[in-house]
**Q** 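First the structure, which I've put down as structure tokens, then a few questions once you've had a look.
Remember, it's a predicted structure, so these values are computed and weren't measured experimentally.
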Amino acid sequence: MLVFSQQILSLQLPFAVIPLVMFTSNQRLIGEFVNPFWLKAVAWLVASIIVGLNRGW
């Protein structure tokens with residue numbers, strides 16, 4: 001049961017990470033606290049790694 005719950009959580013992680021990166025990168029919503037470019041690049045890299053690992057690449 002523990003392994004099954006971890007599999008479900010790993011599938012849900014991209015649905016939390018991707019909107020979070022999009023939200024914190026939006027100048028109109030966040031204003032002066034928006035992520036700098038280098039942090040956006042790192043965040044999208046990490047998000048793509050998470051999605052890739054979930055797909056089994």
**Q** Hey, quick one: are Leu13 and Val42 part of the same hydrophobic cluster, counting side-chain heavy atoms closer than 4.5 Å, chains of contacts allowed?
**A** yes
**Q** Does Val17 belong to the same Ile/Leu/Val/Met/Phe/Trp/Tyr cluster as Phe23, with side-chain heavy atoms less than 4.5 Å apart forming each link?
**A**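 Different clusters.
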**Q** To the nearest 0.5 Å, how far apart are CD1 in Ile50 and CG in Leu45?
**A** 10.0 Å
**Q** Return the minimal non-hydrogen interatomic distance between Pro19 and Pro14, and the atom names on each side.
**A**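 Result for this residue pair: CD-O, 3.9 Å.
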**Q** Would you kindly confirm whether Trp44 and Val51 end up in one hydrophobic cluster when ILVMFWY residues are joined by side chain heavy atoms under 4.5 Å apart?
**A** yes
**Q** Check each of Leu20, Leu39, Asn35 against Ser25 using the side-chain contact (heavy atoms from CB on, under 4.5 Å) test, and report the only one that passes.
**A**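 Per the side-chain contact (heavy atoms from CB on, under 4.5 Å) rule, the option paired with Ser25 is Asn35, out of Leu20, Leu39, Asn35.
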**Q** Which residues pass the side chain to side chain contact (heavy atoms under 4.5 Å, CB included) test with Ala43, sequence neighbours left out?
**A**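 So Ala43 forms a side chain to side chain contact (heavy atoms under 4.5 Å, CB included) with Val21.
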**Q** Can you name the nearest heavy-atom pair linking Glu32 to Gln27, along with the distance?
**A** N-NE2, 4.3 Å
**Q** Between Thr24 and Val34, what is the shortest heavy-atom contact and its length?
**A**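 For Thr24 and Val34, the tightest heavy-atom pair comes out as O-CG2, 3.6 Å.
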**Q** Could you tell me the separation between the CG atom of Leu11 and the CZ atom of Arg55, rounded to the nearest 0.5 Å?
**A** 12.0 Å
